[in-house]
Structures are given as structure tokens and as C-alpha cells.
Amino acid sequence: MQRGLDSETKKQLEEEEKKIISEEHWSFIIEEQSFLLCEDLLYGRMSFRGFNPEVEKLMLQMNAKHKAEEVEDETVELDVSDEEMARRYETLVGTIGKKFARKRDHANYEEDENGDITPIKAKKMFLKPQD
Amino acid sequence: MAEPASVAAESLAGSRARAARTVLGQVVLPGEELLLPEQEDAEGPGGAVERPLSLNARACSRVRVVCGPGLRRCGDRLLVTKCGRLRHKEPGSGSGGGVYWVDSQQKRYVPVKGDHVIGIVTAKSGDIFKVDVGGSEPASLSYLSFEGATKRNRPNVGDLIYGQFVVANKDMEPEMVCIDSCGRANGMGVIGQDGLLFKVTLGLIRKLLAPDCEIIQEVGKLYPLEIVFGMNGRIWVKAKTIQQTLILANILEACEHMTSDQRKQIFSRLAES
């Protein structure tokens with residue numbers, strides 16, 4: 001019993017494949033049964049005069065995507081701006097650090113008038129007495 | 001309509017393929033063969049001398065042509081399989097050739113991959129729902145193909161679903177999902193309570209979803225409402241009262257056979273009342 005194809009039939013199949021490929025090279029006709037390629041159709045869900053606000057938002061999104069080639073990220077509104085994020089993070093490091101600081105290190109975290117935490121730069125270290 | 005019929009009969013009797021370019025916008029009948037633009041030069045008279053040269057030119061100028069619904073590839077030509085008007089769309093980003101299709105009319109829907117349709121859940125079996133989409137067999141919809149799919153967040157039998165096909169060919173059972181390739185719902189999923197579902201022809205759906213459709217613009221000015229269009233010929237409408245919903249359904253069903261004047265009359269009467 002032979003499993004698989006013998007060498008002759010393999011060769012025939014290869015030749016047929018090559019023929020098909022070279023024929024395709026000549027005729028670039030592609031069949032598609034979908035109307036999406038043919039006609040620019042709008043998005044299928046619609047809402048008018050505020051009946052369903054989510055659908056109205058979707059309508060703007062989907063139809064804009066269909067018209068513009070690239071979605072512009074500028075229109076996406078950030079909840080928190082970058083500057084505010086940087087400021088918050090700066091103070092956040094201080095407040096979390098306070099949690100883990102021991103009693104002696106509390107001196108480093110003195111608050112000034114505004115309530116901002118400014119760490120004292122000079123740390124007190126042992127100074128060896130000069131002779 | 002006598003003129004296009006006689007032209008078509010002539011060409012069938014002569015059994016000469018016509019150039020697709022010359023037939024744009026005219027009625028074509030199934031069985032006609034259409035020539036693509038590159039082939040016209042070789043078929044024309046007096047091309048015998050130029051043939052050796054044109055063979056090389058043809059290889060370079062082969063562009064990719066897409067044949068859409070109603071057309072099939074037959075060797076190097078297009079074969080018409082549905083009766084209707086031949087349409088063409090130029091390629092937008094220069095990928096060559098453009099799209100040809102036949103604008104036909106039918107009521108029976110055949111599932112096509114990528115189409116957004118409205119389905120009715122008919123059965124639950126194992127891990128999947130069976131959804132009736134108006135095709136030859138019910139489509140299958142997996143429990144997990146919803147955004148935020150949980151045990152509680154599932155459709156019941158009898159719910160309306162707006163989804164798209166991921167698998168739809170003549171050899172396999174159609175499969176649909178309610179999420180897109182990124183995993184977001186994008187408006188798909190269970191359609192809410194109330195409202196009315198009715199059936200129209202497929203051509204009307206495409207006409208209403210065209211970007212410059214006047215009917216939809218006028219309807220939107222009447223009163224607050226919500227509409228969902230399924231490419232399988234189903235439309236779901238909802239308005240604040242039952243009467244408004246019924247009026248809307250009647251308008252959409254009837255607008256297929258009305259002229260624009262009749263339509264404007266009806267809208268102005270509605271706006272008054």
C-alpha cells in the first residue's frame with residue numbers, strides 16, 4: 001500500500017499549479033460578493049433628534065472614519081493634561097515616600113507655607129573632627 | 001424600456017462581447033460577456049499588425065479589476081449573472097482597475113462576509129446561539145462574541161441582534177459576531193426593547209444607506225427616532241409613541257415606489273399634523 005502520491009503525480013500537480021499561477025499573472029480579476037467595496041454606505045445604526053445619544057456619537061465616529069483616511073488623534077480629548085499629570089506625580093512621590101519614612105527622616109519632608117513638600121537637600125552626616 | 005431590451009437582444013443574437021465601458025449605466029442580462037478596457041484594443045479591427053507589440057504592452061498595463069455582485073470571472077472577461085444596471089467605481093487610492101458590479105433588485109438575502117445584519121435569536125444550543133438572518137440556514141453566534149461577555153450579559157431567545165458575518169460562503173454555515181476585530185462593540189449587540197422590525201427589499205436598504213439619501217434626511221427632521229438597517233433587508237425603528245413608529249415604518253416601506261414629489265407631499269402633510 002502506498003501512502004502519499006508517487007513522484008509522477010507529484011510532478012503533474014506541480015506543473016498544474018505553475019500553470020494556474022502563470023494564468024493568474026495575466027488576468028487580475030478578483031471576485032467579491034460584497035457591496036461594501038462597491039458603494040460607500042453609511043453606518044447602519046442611526047438616531048435623530050437626540051433619541052439615543054450613544055448611537056448619535058457612534059454615527060459621528062463611524063461616518064467620520066469612513067470619510068477621512070486617517071483618524072486624527074487630536075480630536076481625542078485627554079481627561080488629564082500632560083502638565084497636570086507631571087505636577088501631580090511630583091507631589092505624589094513625596095506623599096507616598098512619607099508613608100515609608102521613619103521618624104528620623106520626617107525632617108526631610110518638612111512642608112513649607114504652600115503645603116508643597118520640598119525635601120531638604122543637605123543630609124546630616126557624621127563629620128570627622130579635624131585634628 | 002424597449003430600447004435597452006432591443007440592444008441587449010441584438011448583442012445576444014450577434015454573440016459578440018461588448019466593452020464594459022460602453023455599457024455603464026445600461027441594463028445587462030445574465031449570460032452577457034463584457035470586455036475589460038485593456039482587451040478592447042486587441043479585439044478591434046486592424047489590430048493584427050500591432051498584436052506582437054500590444055502583447056507586451058498588455059502585460060504591463062494589466063490592472064487589478066474587482067468584479068462585484070452580479071458578475072463573475074470567465075477567462076479574461078466578465079460574465080453577467082444577474083439582470084440590472086452595470087455600475088463602475090474608479091479606484092480611490094490608485095490600486096488599479098476599479099470595481100464593476102450589477103445594481104440588481106432582490107428580496108432574498110444571501111449571507112456575505114462583512115455585512116452588518118439584524119438577526120433574531122431562535123435557539124440556544126451548547127455554546128452558541130442560532131440566529132435567523134433570512135438566509136438559507138440560521139447563523140451561529142458564540143456566547144463570547146459580545147463586548148464584556150459575562151454569564152448575565154447574554155441575549156435571550158427572541159431578542160434582536162445587530163452583528164456582522166465573519167464566515168459566509170456557500171460551503172459552510174454562516175457565523176456572526178457582535179464585536180469588531182479590536183474587540184469593541186461599535187454599536188453591535190442586542191438591540192433594545194420595543195420598536196418594530198419589518199422587511200424591505202435589499203435594493204431599498206442600499207438606497208437608504210447611500211451618503212446623500214434625501215429620504216433619511218427628511219425623516220430625521222420629523223421627530224426623535226432611532227433606526228437600525230440590516231443588509232439582509234430588515235429595518236428596526238423606534239419612536240416615542242406607537243403611532244409615530246407605525247408612521248415611520250409605513251413611510252420607509254412605501255418610499256421605494258414613490259417619486260420624490262409624492263414623498264415631499266407626504267412629508268409636508270405629516271409636518272403639519
Side-chain angles (χ1 to χ4, degrees), chain A residues 5 12-80, chain B residues 36 58-59 62-69 71-78 87 89 92-93 96-97 99-101 103 110 112-118 162 168-169 186-188 191-192 202 205-206 208-211 213 216 219-231 238-240:
Chain A
L5 305 165
Q12 277 181 2
L13 281 173
E14 274 178 30
E15 278 172 32
E16 278 175 24
E17 274 180 34
K18 279 187 195 167
K19 265 193 212 169
I20 292 171
I21 292 170
S22 60
E23 271 177 20
E24 278 181 3
H25 174 70
W26 286 107
S27 57
F28 288 115
I29 304 181
I30 301 173
E31 284 187 11
E32 289 276 349
Q33 288 301 314
S34 168
F35 275 106
L36 293 175
L37 283 177
C38 309
E39 302 174 22
D40 287 328
L41 298 177
L42 295 175
Y43 185 58
R45 282 194 92 151
M46 298 184 186
S47 157
F48 296 99
R49 294 179 69 165
F51 194 78
N52 191 336
E54 291 170 8
V55 174
E56 299 208 359
K57 252 192 277 174
L58 258 176
M59 275 171 76
L60 292 172
Q61 226 185 349
M62 303 296 272
N63 293 332
K65 217 195 288 185
H66 140 87
K67 276 179 192 163
E69 281 177 330
E70 287 171 6
V71 178
E72 291 174 4
D73 285 333
E74 295 162 20
T75 53
V76 174
E77 286 172 11
L78 299 167
D79 294 325
V80 181
Chain B
L36 292 174
R58 213 206 291 185
R62 271 290 164 183
V63 286
R64 207 188 65 170
V65 167
V66 180
C67 65
L71 293 172
R72 273 213 193 161
R73 197 189 102 180
C74 167
D76 277 345
R77 303 172 178 188
L78 299 176
R87 305 274 186 221
K89 181 172 128 174
S93 44
V99 193
Y100 288 92
W101 77 94
D103 199 358
V110 174
V112 169
K113 183 175 167 177
D115 266 2
H116 292 260
V117 294
I118 298 180
Y162 186 62
N169 51 44
N186 269 347
M188 294 189 274
I191 299 177
L202 307 190
I205 301 275
R206 279 183 281 125
L208 292 172
L209 284 180
C213 181
I216 293 295
V219 155
K221 293 178 197 158
L222 284 176
Y223 34 73
L225 51 93
E226 189 184 348
I227 317 183
V228 180
F229 293 99
M231 295 295 287
K238 183 174 171 185
K240 287 203 170 136

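Numbered from 1 within each chain, the chains take letters A, B, ... in sequence-line order. Values in this document were obtained by computation on a predicted structure and should not be read as measured data.
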Determine the option with the most heavy-atom pairs under 4.5 angstrom with chain A, choosing from B:R87, B:R206, B:M188, B:K113.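 Ranked by contacts with chain A, first place is B:R206.
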Between B:V219, B:I216, B:L78, B:L71, who has the most heavy-atom pairs with chain A when the cutoff is under 4.5 Å?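 Max contact count across the listed options: B:I216.
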Residues which pass side-chain hydrogen bond (donor to acceptor under 3.5 Å, both in side chains) with A:S34, listed by chain and number, not counting sequence neighbours: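 Result, side-chain hydrogen bond (donor to acceptor under 3.5 Å, both in side chains) vs A:S34: none returned.
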By a 4.5 Å heavy-atom criterion (distance strictly below it), what part of [X] contacts chain A: side chain, backbone, both, or neither?
{"X": "B:V112", "answer": "side chain"}
{"X": "B:A239", "answer": "backbone"}
{"X": "B:K240", "answer": "both"}

I'd like to know which of A:S47, A:C38, A:G50 tops the heavy-atom pair count under 4.5 Å against chain B.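 Ranked by heavy-atom pairs under 4.5 Å with chain B, first place is A:C38.
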Can you measure from CD (B:E226) to CD (A:E56) and round to the nearest 0.5 angstrom?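 The distance works out to 9.0 Å.
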Tell me if a side-chain donor or acceptor on [X] pairs with a main-chain N or O of [Y] at a distance below 3.5 Å.
{"X": "A:E31", "Y": "B:R73", "value": "yes"}
{"X": "A:R49", "Y": "B:K221", "value": "yes"}
{"X": "B:K89", "Y": "A:L37", "value": "yes"}

Going by ring pair (Phe, Tyr, Trp, His ring centres under 6.0 Å), name the residues that satisfy it together with B:F229, two or more places apart in sequence or in a different chain.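 Once residues adjacent in sequence are excluded, B:F229 has no partner under the ring pair (Phe, Tyr, Trp, His ring centres under 6.0 Å) criterion.
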Less than 4.5 Å to any heavy atom of chain B: does that hold for the side chain of A:L41, its backbone, both, or neither?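 Answer is both: backbone and side chain atoms of A:L41 are under 4.5 Å from chain B.
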Report the C-alpha distance between B:N186 and A:R45 in whole Å, list the side-chain angles of each, state the deciding distance to 0.1 Å, and finish with yes or no for side chain to side chain contact (heavy atoms under 4.5 Å, CB included). CA-CA 10 Å; B:N186 269 347; A:R45 282 194 92 151; over 6 Å; no
Minimum heavy-atom separation for A:F48 and B:I227, please, with both atom names.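 Shortest heavy-atom separation between A:F48 and B:I227 comes out as CE1-CD1, 4.4 Å.
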To check you understand the geometry: which heavy-atom pair defines the closest contact between B:C67 and A:I29, and what is its length?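 That would be SG-CG2, 4.0 Å.
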